[in-house]
Amino acid sequence: MRWGPTVADHAKTFGASSFERLMLCPGSAVLTADAPRRSSEYAAEGTAIHEASANVLLGTPWPIPGQTVEADGFTFRWDSDMEACGQRYVDYVQGLDGDFLLVEQRVRFGAEIGVTDPEDGFGTADAIVGKGTELIVCDLKCGRGVEVTAGGDAGPNPQLALYAIGALAELQGIAGDFETVRLVIVQPRAGGVSEYVLTVDELAHW
């Protein structure tokens with residue numbers, strides 16, 4: 001399920017996943033404008049787990065152990081460690097028991113941050129859940145080394161905050177009257193689950 005036209009797989013400059021880098025170093029937008037997009041084996045494994053997890057949330061079984069799966073030009077044999085990583089995320093999302101669930105949902109936040117180019121200012125949220133007056137945005141991270149948090153003393157995780165802004169722009173008043181936003185990182189291999197809750201007004205101020 002997607003809303004709005006699909007114009008590109010990746011935002012030209014203002015993508016959610018790269019926004020924190022742009023906040024810290026605006027010049028990186030110019031320096032990386034023509035850089036080719038490359039994936040590593042570790043990132044590709046994460047993509048494979050993401051895709052399988054999304055399919056499970058939509059009703060498809062996990063791949064069979066030993067089955068060949070492909071992602072970003074790499075080939076893997078599906079194993080118990082990959083499934084365990086994805087299952088932790090699936091269990092969390094399903095355990096929310098929300099009023100609605102959107103999986104791998106493209107969200108547009110360009111208008112809210114002043115971007116008018118239709119090929120910019122969007123991203124894809126792993127899962128968006130509405131539960132009463134709370135909008136929940138979940139992101140699966142498969143890394144083992146560096147723990148990623150949903151927010152802290154410095155404020156919300158920028159990637160998740162942008163997903164929430166885009167989701168609210170489309171859903172507020174239509175799919176629910178949301179008062180709070182819960183940002184969630186599920187990182188089974190490092191840190192487990194990280195949550196950060198803020199009001200809709202606090203998010204708009206951010």
Side-chain angles (χ1 to χ4, degrees), residues 9-11 15-24 37-98 101-107 123-129 131 134-164 167 181-198:
D9 291 330
H10 299 280
S17 59
S18 62
F19 196 75
E20 185 170 12
R21 187 196 73 223
L22 292 173
M23 290 170 62
L24 298 173
R37 295 185 181 274
R38 295 191 180 95
S39 181
S40 68
E41 183 175 357
Y42 299 106
E45 185 203 45
T47 298
I49 297 171
H50 270 83
E51 292 177 351
S53 300
N55 287 336
V56 170
L57 286 173
L58 294 172
T60 300
W62 291 108
I64 299 170
Q67 179 178 337
T68 298
V69 294
E70 297 182 1
D72 299 336
F74 293 87
T75 301
F76 305 92
R77 293 286 185 184
W78 187 259
D79 60 30
S80 59
D81 180 66
M82 297 170 74
E83 184 166 325
C85 181
Q87 188 67 60
R88 179 76 182 277
Y89 161 73
V90 168
D91 288 345
Y92 179 89
V93 174
Q94 291 180 334
L96 292 171
D97 193 24
L101 166 64
L102 302 175
V103 178
E104 291 295 317
Q105 179 67 58
R106 173 165 292 183
V107 292
T124 302
D126 291 344
I128 298 172
V129 177
K131 187 171 185 178
E134 184 176 47
L135 184 72
I136 307 166
V137 179
C138 303
D139 194 58
L140 169 62
K141 302 291 186 187
C142 300
R144 300 178 186 275
V146 179
E147 179 183 354
V148 182
T149 63
D153 293 340
N157 177 293
Q159 179 181 3
L160 291 185
L162 288 177
Y163 289 156
V181 174
R182 189 193 324 180
L183 308 179
V184 183
I185 296 284
V186 182
Q187 190 175 6
R189 294 165 167 173
V193 176
S194 171
E195 299 182 334
Y196 185 87
V197 178
L198 69 170

(message) Run Val193 and Arg88 through side chain to side chain contact (heavy atoms under 4.5 Å, CB included) and show every step you take.
(response) CA-CA 9 Å; Val193 176; Arg88 179 76 182 277; 3.9 Å; yes
(message) With a 3.5 Å distance limit and no angle check, can you tell me whether His50 reaches the backbone of Leu140 through a side-chain donor-acceptor pair?
(response) yes
(message) As a quick check of understanding, evaluate side chain to side chain contact (heavy atoms under 4.5 Å, CB included) for Gln105 and Thr124, giving each step before the final call.
(response) CA-CA 5 Å; Gln105 179 67 58; Thr124 302; 5.8 Å; no
(request) Give the intermediate values and the outcome of side chain to side chain contact (heavy atoms under 4.5 Å, CB included) for residues Arg77 and Thr68. (result) CA-CA 5 Å; Arg77 293 286 185 184; Thr68 298; 2.9 Å; yes
(message) Under the rule for salt bridge (Lys or Arg N to Asp or Glu O under 4.0 Å), what residues qualify as partners of Asp139, not counting sequence neighbours?
(response) Lys141
(message) Give me the atom names and distance for the closest heavy-atom approach of Ala71 to Ala48.
(response) CB-N, 3.8 Å
(request) Using side-chain hydrogen bond (donor to acceptor under 3.5 Å, both in side chains) as the criterion, list what pairs up with Tyr92, not counting sequence neighbours. (result) Arg182, Glu195
(request) Enter the distance from Cys142:SG to Glu45:CD here, rounded to the nearest 0.5 Å. (result) 7.0 Å
(message) Please find the pair of heavy atoms, one from Leu101 and one from Ala127, that lie closest to each other, and give the distance.
(response) CD1-CB, 4.1 Å
(request) Please tell me if the side chains of Val137 and Val107 come closer than 4.5 Å, counting only heavy atoms from C-beta onward. (result) no
(request) Look at atom CD of Glu147 and say whether more than 12 heavy atoms of other residues, nucleotides or ligands are closer to it than 6.0 Å. (result) yes
(request) Please report the shortest heavy-atom distance between Ala190 and Gly143, naming the atom on each side. (result) CB-O, 3.8 Å
(message) Counting C-beta onward and ignoring hydrogens, is there a side-chain heavy-atom pair between Asp126 and Cys138 closer than 4.5 Å?
(response) no
(request) Drop me the distance from Gln67's CD to Asp79's CG, to the nearest 0.5 angstrom. (result) 12.0 Å
(message) I'd like to know if the side chain of Glu41 reaches the main chain of Phe74, judged simply by a donor and an acceptor atom lying under 3.5 Å from each other, with no hydrogens or angles considered.
(response) no
(message) With rounding to the nearest 0.5 angstrom, report the CG to CD1 distance, Leu102 to Ile128.
(response) 5.5 Å
(message) Can you give me the closest heavy-atom contact between Trp78 and Ala52, atom names plus distance?
(response) CH2-CB, 3.6 Å
(request) Taking Gln94 for its side chain and Leu57 for its backbone only, find out whether a donor-acceptor pair lies under 3.5 Å. (result) no
(request) Working to the nearest 0.5 Å, report the span between CD1 of Ile185 and OH of Tyr89. (result) 10.5 Å
(request) Might you point out which heavy atoms bring Gly86 and Trp62 nearest each other, and give the distance in Å? (result) C-CH2, 3.5 Å
(request) Starting from the C-alpha separation in whole Å, work towards a yes-or-no answer on side chain to side chain contact (heavy atoms under 4.5 Å, CB included) for Leu198 and Leu183. (result) CA-CA 8 Å; Leu198 69 170; Leu183 308 179; 4.3 Å; yes
(request) Write down the atom of Ala164, the atom of Leu135, and the distance for their closest heavy-atom approach. (result) O-CD2, 4.2 Å
(request) Give, for atom CG of Leu160 and atom CD1 of Ile136, the distance between the pair rounded to the nearest 0.5 Å. (result) 12.5 Å
(message) Donor-acceptor pair, distance only, cut-off 3.5 Å: does the side chain of Arg144 make one with the backbone of Arg189?
(response) no
